[in-house]
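Heads up: the structure comes next, in structure tokens.
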2 protein chains.
Amino acid sequence: MIRVLLADDEGMIRSALAALLRLEPDIEVVAECADGTEAVAVAQRLTPDVCVLDLEMPGLDGVQVTERLNRTVATRCVIVTRHARPGVLRRALASGAAGFLPKSRSADEVAAVIRRVASGGRYVDPEVAADALSDERPPLTDRELDVLRAGRHGETTGQIARTLSLAPGTVRNHVSAVLGKLQVGTRQQAVLLAEERGWI
Amino acid sequence: MIRVLLADDEGMIRSALAALLRLEPDIEVVAECADGTEAVAVAQRLTPDVCVLDLEMPGLDGVQVTERLNRTVATRCVIVTRHARPGVLRRALASGAAGFLPKSRSADEVAAVIRRVASGGRYVDPEVAADALSDERPPLTDRELDVLRAGRHGETTGQIARTLSLAPGTVRNHVSAVLGKLQVGTRQQAVLLAEERGWI
DNA sequence: CCCGGGCCGTGACATCTGTCATGCCCGTAA
DNA sequence: TTACGGGCATGACAGATGTCACGGCCCGGG
């Protein structure tokens with residue numbers, strides 16, 4: 001019997017998956033969680049064989065949950081996400097995830113991936129993997145990514161500068177470099193593009 | 001037997017719901033669609049009793065699909081969405097939807113709502129309805145909303161002005177009014193807030 | 001009728017943002 | 001060691017953005 005923890009902030013898909021998985025004779029859903037923090041706590045208590053984690057969750061996201069669990073619990077994590085971009089896959093694998101499945105795939109595949117991962121294997125969606133190999137890796141430097149992250153929600157340059165302890169001019173310069181590399185004209189467009197590609 | 005069409009661009013949830021609904025003895029899933037345009041075409045051909053439509057879809061969104069179907073086919077639409085805000089509910093009901101269900105609800109409820117709608121009733125999620133009554137309606141004027149929409153993706157003021165056939169100054173003035181009303185400091189923050197609240 | 005209020009459109013002005021040239025620091029190759 | 005390249009930080013400058021005060025339009029109430 002494979003003991004599974006399910007974490008997704010979207011109740012409908014979480015309960016639907018749980019119901020489907022309960023129909024499988026060799027799978028037992030031992031917990032359902034609605035956010036990352038809860039998932040970590042519950043997983044540490046129950047030590048499920050496999051954790052199926054949504055990437056986008058309030059509190060800790062799927063990648064952060066995976067990192068913590070890999071350091072503390074003997075469990076294997078499958079990350080499920082709506083935005084299946086090469087950058088996201090890279091982050092997921094770097095965090096130690098054993099499986100990666102876009103939500104564009106059918107629900108049937110979840111059980112199959114769980115079995116594979118539970119038996120010690122790994123699973124990465126072939127299509128995203130192909131993209132990740134042909135690959136565009138972020139052409140941005142660390143500091144440039146920092147600036148984009150700090151300016152994600154339309155923060156003013158001054159605010160970004162304060163959060164990063166920089167002079168406003170420096171922030172503007174990083175932004176300028178980004179705009180050039182990404183061939184866009186606005187900070188907001190740069191942020192949207194970077195989110196789109198899973199760089200931040 | 002209630003004949004149901006399911007439309008959602010996220011394959012995992014679509015297939016999961018379909019699988020669960022097929023377990024219900026009185027419900028038959030006659031079609032699954034991945035975008036709005038397809039949903040309209042298929043619904044016109046099959047005339048299902050109930051259409052379950054995701055709000056966020058490529059091509060036509062759930063509200064637009066509902067509008068078109070209400071003009072052409074004898075079917076009833078349930079709109080399902082991840083972002084269940086009063087503004088969204090308002091738009092959904094204005095389009096003639098018979099049901100409104102946030103994705104935060106459990107998957108079990110879908111079948112219940114389908115039955116209710118199929119028998120001529122309406123269903124609106126009580127929690128969102130309460131929010132919509134206590135109500136925050138957009139404090140923004142039509143033109144201000146136009147400007148926000150045109151500037152959604154970080155477009156420059158000049159571009160916005162051109163798409164709306166306005167002088168740049170006018171656009172700036174509308175933006176300024178919005179920033180004041182919404183108590184934020186940036187156009188991007190205003191856009192994010194308006195999207196958040198379902199105003200655009 | 002005339003007035004007031006709300007919304008729209010516009011231009012002048014101050015401020016903020018992006019561009020550019022520059023200097024610093026560090027790791028590496030000659 | 002020296003020279004070079006890359007990333008980081010900064011300030012001066014030009015252009016875009018937001019603020020403000022103004023005038024026109026329409027509608028409903030004295």
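Nothing here was measured: the structure is a model prediction, and the numbers come from that model. Just the heavy atoms: all of them, side chains too, but no hydrogens, waters or symmetry mates, feed the values below. Quick note on labels: first sequence line is chain A, next is B, and so on, each numbered from 1.
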So, B:Glu32 versus B:Ser15: side-chain donor-acceptor pair below 3.5 Å or not?
no
Short side-chain donor-acceptor distance under 3.5 Å, B:Thr72 and B:Gln44
yes
Phosphate-side-chain proximity, B:Thr141 and C:dG6, N/O vs OP1/OP2 below 4.0 Å:
no
For the helix from C:dC1-D:dG30 to C:dA30-D:dT1, what is the angle between the axes at its two ends, each from 5 pairs, rounded to 10°?
10°
Reading 5' to 3' through nucleotides 10-19 of chain D, protein heavy-atom contacts under 4.0 Å coded B for base, S for sugar-phosphate only, - for none:
BBB---SBBB
Tell me whether [X] is salt-bridged to [Y], with the criterion being a basic N under 4.0 Å from an acidic carboxylate O.
X	Y	answer
B:Lys103	B:Asp54	yes
B:Glu144	B:Lys181	yes
B:Asp49	B:Arg76	no

Does [X] use its side chain to pair, donor to acceptor, with the backbone of [Y] at less than 3.5 Å?
X	Y	result
A:Arg14	A:Asp8	yes
B:Ser104	A:Glu10	no
B:Asp61	B:Glu56	no
B:Arg187	B:Glu155	yes
A:Glu195	A:Leu192	no

Quick one: [X] [atom1] to [N] [atom2], roughly how many Å, whole number?
X	N	atom1	atom2	answer
B:Ile160	C:dT10	CD1	C1'	17 Å
B:Leu140	C:dC8	CG	P	10 Å
B:Gln189	C:dT17	CD	P	11 Å
A:Asp146	D:dA9	CG	P	9 Å
B:Asp142	C:dG6	CG	C1'	12 Å

Looking at B:Met1 and B:Ile27, what are the two nearest heavy atoms and their distance?
SD-N, 3.8 Å
Could you list the protein-to-nucleotides 23-27 of chain C atom pairs, N/O on both sides, closer than 3.5 Å?
none

